[in-house]
Amino acid sequence: MADPSSTAILTDFDGTLAPIITDPAAVRPLPGIGPTLNRLASQFGLVAVVSGRPVAFLSERLAVVDEVALVGLYGFERSGARGEVIVEPEAEKWRSVVEHAARRLKQELPADVTVESKGLTVAVHWRSVPAMAGIAAAAAERVAASTGLKAHPGRMNLELRPPMDIDKGSAVGALVPGYSAACFVGDDLGDLPAFAALDRASAAEGIFTVTIAAVDDESPPEMEAAADVVVSGPQGALDVLRWLADHAADSRR
Ligand SMILES: [Mg+2]
């Protein structure tokens, strides 16, 4: 494998390190994920979780060392060197707009559609009521149109984010320069820009890159089509990360 100290290990959280369940607030990583990320962080040049969740949520659920970088809200937030949360300054002016959008969605939608308010983004989830998919998505699209927020589709959800050129692609594009190899593990449409950013880094900078899709029966077909490697859900992702941790140690002997 490439020299671990010049390799970046990047991964999504939901659906990749943590099984997707009906209540997004109750999601937890697979047992073993936190210790594995900590092991990787002691071996590799960079280990980062790049997620749509707030940094505070990732920090609480993963309980990893500060050396594991946390990029939250698709790049609108990131953890600092001492675990503090750094927010993209230009995005701040959208916070009140997002709060207003979240209030409207909670008022308009039935209570069993989950409106997940995340500060600078808000997601509408219909996993507990799939029959409401059309109504929930239409309400989110309507609120997006009237607030100027941009709607992004996901697995049984739609998320409204500030209309800025910030996504997992820009986040990954900012993380990988200077490394000679990088991988990204993801499961959903929001991870495709991260895959594309690695493809660009490979073409433009000669970085050796591997894109890994963690898929299950529900995964969007685009993931498998775009990835270099396909594994089975979060357990498959954990197996890959453990393999990397085990073999980084081997390569130093
Ligand atoms: Mg995901």
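All ligand and atom numbering here is 1-based and tracks the order in the structure. Heads up: numbering here begins at 1 and tracks the sequence. All of these numbers come straight from a predicted model, not from anything done at the bench.
Without hydrogens or angle criteria, Asn157 side chain to Ala123 main chain gives no donor-acceptor distance under 3.5 Å.
When distances to the Mg ion (ligand 1) are checked against a cut-off of 2.8 Å, Asp14 contributes an N, O or S atom below that limit.
Nearest to the Mg ion (ligand 1), among the N, O or S atoms that Asp187 has, is OD1. Nearest to the Mg ion (ligand 1), among the N, O or S atoms that Asp12 has, is OD2.
Side-chain N/O atoms of Thr211 and Asp228 include a donor and acceptor closer than 3.5 Å. When only modelled atom types and interatomic distance are considered, Arg104 and Ser146 share a side-chain donor-acceptor pair under 3.5 Å.
For Arg78 and Glu88, the salt-bridge test fails: no basic side-chain N is under 4.0 Å from an acidic carboxylate O.
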